[in-house]
Amino acid sequence: MEASNAIRISQRIVRSEAAAVHKKRILQNSGSTRLDAPGAALLAGLLALGLTMAVPHASASNDARSNDQSSMSPSKAPDHVALDKKFKGKLPITELTEDEAILHAMNRLAYGPRPGDVDQVRHMGLEKWIEQQLHPESINDADLNLRLQRYPSLEMSSKRLLEEFPHPDQNAKQQGLTKEQAKDQYEQQLRAKQQEAESQIIVTGNDNLDKAQQQLAKLQGPNRIIAELSMAKVDRAVYSNRQLQAVMEDFWFNHFNVFANKGDDKWFLTAYERDTIRPRAMGKFQDLLLATAQSPAMLYYLDNFLSADPAAVARIEAQKNLRRARYQGAFAGGSMPTPGTFPGPATSGPPAANSVATPKKPDRGLNENYGREVMELHTVGVDAGYTQQDVIQMAECLTGWSIHEPRKDPEFFFDEKVHGEGRKVVMGRAFNYGGEKDGEEALKMLASQPATAHFISLELAHHFVSDNPPASLIDRMAKMFTTSNGDIRVVLKTMIYSPEFWSKDAYRSKVKTPFELVVSTSRALNAESTISLPLSQWVARMGEPLYLCQPPTGYSDKAETWVNTGALLNRLNFALAFAGDKMSGATVDLNTMLGEEGSKDPGAALARSIQIFLDGQISQSTQETLEARLKDPQILQARLDDPVKQVNEGLIVGLVLGTPEFQRR
């Protein structure tokens with residue numbers, strides 16, 4: 001632990017010094033990017049209006065969407081585009097230009113391009129880039145791995161996390177403390193850890209970094225686990241070269257969602273994502289399903305670790321009562337003898353009639369939560385035609401799937417004593433293997449169902465293609481799912497090598513979720529996020545707190561969920577703060593990106609920003625809205641006829657990043 005602390009402190013000093021120098025250089029070359037409140041409110045209101053008016057295309061008909069998107073391009077692309085065979089290979093791209101195809105791939109199979117990425121993909125060929133992404137093990141990610149070393153909890157087992165970040169009341173009983181005393185002791189220990197962390201902060205003079213360091217130092221105790229998971233998730237999405245792998249990890253975690261604040265689950269989530277989701281994100285669906293079913297995180301979240309066959313529970317209780325009766329038989333009509341006198345006579349009479357009995361614990365029995373959700377949300381889908389009896393029988397198959405010592409050494413174990421014996425029938429298939437195999441075979445049956453092939457293909461197409469993907473595409477994906485025994489990589493490749501994926505209708509048809517927006521903005525700005533906690537907090541502020549989706553459905557990625565006036569204002573405020581170099585924990589250098597002319601001429605800064613961040617593709621209405629702001633004193637940083645000394649580049653870039661064109665992917 002001391003060694004890891006030393007490493008973290010050393011890394012923090014190096015990054016802090018580098019960031020401070022970088023910040024000083026930026027401040028020397030640019031004016032203030034701070035907006036006064038009235039100016040910010042006016043600009044936010046105007047652009048939010050433009051965003052609100054532009055968004056209905058997301059749920060409009062295909063024809064309307066196609067017309068709207070074609071108006072965003074400088075010139076309408078021909079119906080059939082002939083691309084170089086070396087560039088596209090066997091990809092069926094006929095409606096998108098070369099640049100559009102690259103941007104489409106990087107916005108769907110990755111979290112958007114960084115400066116230079118488009119040129120790099122153009123040089124190596126789009127098909128080659130996609131094939132690399134489909135095989136992430138072939139991609140070097142050493143830089144990301146080095147960056148992730150700042151989060152020591154990522155490598156800890158659930159048992160170690162419970163030791164390092166104990167429950168507030170974990171040792172109260174052993175120490176003979178009341179709940180109030182235990183709470184006071186815990187808070188004192190927490191304050192001591194916060195003070196120790198704050199004492200290690202190296203003040204850099206960089207307001208962004210120093211503020212983020214203070215925020216991070218205050219995060220001690222179990223909440224630190226989720227904070228480090230969230231920061232690592234942002235860092236993976238922003239900095240990993242294995243972009244499709246990162247996208248699929250997020251997709252599957254959302255599909256097999258677990259809520260971090262459900263009881264003890266925050267201690268189980270690190271292992272869940274690291275050991276269950278990540279290694280199987282591009283493998284066989286059946287393996288992923290079985291692994292999630294046996295994960296302590298899922299077992300706890302959907303209460304299956306408590307599920308027991310009622311008949312088995314009754315047998316256990318009957319055996320307990322029988323043993324109790326045998327043991328106490330010698331003392332019938334009396335109480336237990338005085339210690340040391342056994343087998344002497346009873347020392348007192350029967351209990352008084354009005355004596356208060358010890359409260360009885362709730363009867364343990366069958367819990368249908370996981371049995372229902374594994375069918376409705378994880379496999380066959382709600383429209384598969386199963387019945388409530390199927391749910392009950394599925395839950396019976398999974399009785400005994402439990403957690404060994406949840407607060408000490410949380411690992412999966414099968415409790416034979418509470419498993420339901422006998423024949424179970426789920427969706428017409430009988431299971432009578434006995435023991436753990438009942439559940440395994442029932443899950444394998446669900447994984448191989450045609451309904452599952454269709455449901456998973458539909459979910460993937462929703463995420464990668466459009467909110468209303470073509471039925472023909474889903475059918476082909478489902479067919480390959482079945483043929484390949486649920487090989488996720490094969491299904492993805494079928495989708496990517498389909499003309500529907502590369503259609504004009506699919507291009508920029510999806511609205512970015514808050515997480516996708518935050519990550520793609522960071523990548524587009526080429527930001528250096530030394531501490532990414534504030535970025536994860538912005539994701540939460542825009543409505544998608546990481547690891548904190550309470551219902552098992554996970555977060556929606558459909559436009560209707562994220563498109564409303566309040567959400568759009570939040571998105572614009574985020575873009576303005578980030579581009580204006582006001583994001584805690586991060587630094588942005590717009591001077592290098594926009595050039596010397598951009599710092600003096602607002603028109604040049606806008607034109608350059610549209611080219612860099614939108615690839616020059618912008619609708620006439622959005623262009624006019626942006627151009628109308630160029631004479632604003634907040635942008636010119638000059639009043640009336642005063643000469644322009646320094647253009648507010650951060651404001652211009654922030655407005656471009658707030659446009660509907662950037663909000664889509």
Side-chain angles (χ1 to χ4, degrees), residues 55-70 90-96 100-101 103-112 126 130 133-134 244 247-248 250-252 254-256 281-282 285 376-384 449-484 486-513 515-516 553-563 663-665:
V55 162
H57 93 285
S59 58
S61 68
N62 287 342
D63 290 341
R65 183 187 303 129
S66 180
N67 291 336
D68 180 73
Q69 288 173 335
S70 64
K90 296 180 180 179
L91 296 170
I93 308 171
T94 61
E95 299 179 17
L96 302 180
E100 286 174 339
L103 285 173
H104 185 61
M106 300 208 77
N107 278 318
R108 297 300 175 88
L109 309 179
Y111 286 107
L126 182 56
I130 288 173
Q133 291 298 318
L134 284 168
L244 182 55
V247 172
M248 289 306 297
D250 180 61
F251 174 85
W252 287 123
N254 198 56
H255 183 82
F256 294 103
M282 304 278 272
F285 177 77
E376 178 180 335
L377 299 176
H378 298 172
T379 56
V380 295
V382 70
D383 298 322
Q449 287 288 300
T452 299
H454 182 273
F455 183 69
I456 298 301
S457 297
L458 176 61
E459 292 291 294
L460 287 167
H462 271 155
H463 186 78
F464 286 98
V465 182
S466 73
D467 288 357
N468 299 290
S472 57
L473 171 62
I474 298 166
D475 289 343
R476 288 200 305 278
M477 293 170 65
K479 182 179 180 180
M480 290 308 299
F481 184 103
T482 301
T483 302
S484 66
D487 191 314
I488 298 164
R489 198 190 326 264
V490 170
V491 177
L492 281 175
K493 190 166 184 176
T494 300
M495 177 190 71
I496 295 168
Y497 278 79
S498 71
E500 293 93 337
F501 182 82
W502 301 100
S503 70
K504 200 70 175 178
D505 287 342
Y507 185 64
R508 276 184 175 166
S509 66
K510 295 284 294 181
V511 172
K512 294 176 182 176
T513 65
F515 178 67
E516 290 166 346
T553 51
Y555 289 118
S556 168
D557 69 351
K558 292 188 176 182
E560 63 214 34
T561 306
W562 307 111
V563 175
Q663 301 290 318
R664 301 173 190 155
R665 64 174 179 91

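On a predicted model such as this, the values are computed, not experimentally measured, just so you know. The analysis underlying the following values was restricted to heavy atoms, covering all of them including side chains, and did not include hydrogens, waters or symmetry mates.
Checking side-chain atoms of Q133 against main-chain N and O of L244 turns up a donor-acceptor pair under 3.5 Å. Looking only at distances, a side-chain donor or acceptor of S503 sits under 3.5 Å from a matching main-chain atom of E500. Between the side chain of K510 and the backbone N or O of D557 there is at least one donor-acceptor pair closer than 3.5 Å. Judged purely by atom type and a 3.5 angstrom limit, H104 uses its side chain to pair as donor or acceptor with the backbone of F501. R108 places a side-chain N or O within donor-acceptor distance of the main-chain N or O of F464, the cut-off being under 3.5 Å. Not a single donor-acceptor pair under 3.5 Å links the side chain of K479 to the backbone N or O of A453. The main-chain N or O of H378 is found under 3.5 Å from a side-chain atom of H255 such that the two form a donor-acceptor pair. Not one N or O on the side chain of R476 forms a donor-acceptor pair closer than 3.5 Å with the backbone of M495.
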Practice item. Please assess L134 against I496 for the test side chain to side chain contact (heavy atoms under 4.5 Å, CB included), listing each intermediate value before the final yes or no. Key: CA-CA 10 Å; L134 284 168; I496 295 168; 4.2 Å; yes

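From R489, atom CZ reaches atom OG of S484 across 11.0 Å, with rounding to the nearest 0.5 Å. Interatomic distance, L109 CG to M248 CE, rounded to the nearest 0.5 Å: 10.5 Å.
A ring-centre distance under 6.0 Å is not found for H454 and F481.
The two residues W252 and A281 come nearest to each other via the heavy atoms NE1-O, 3.0 Å.
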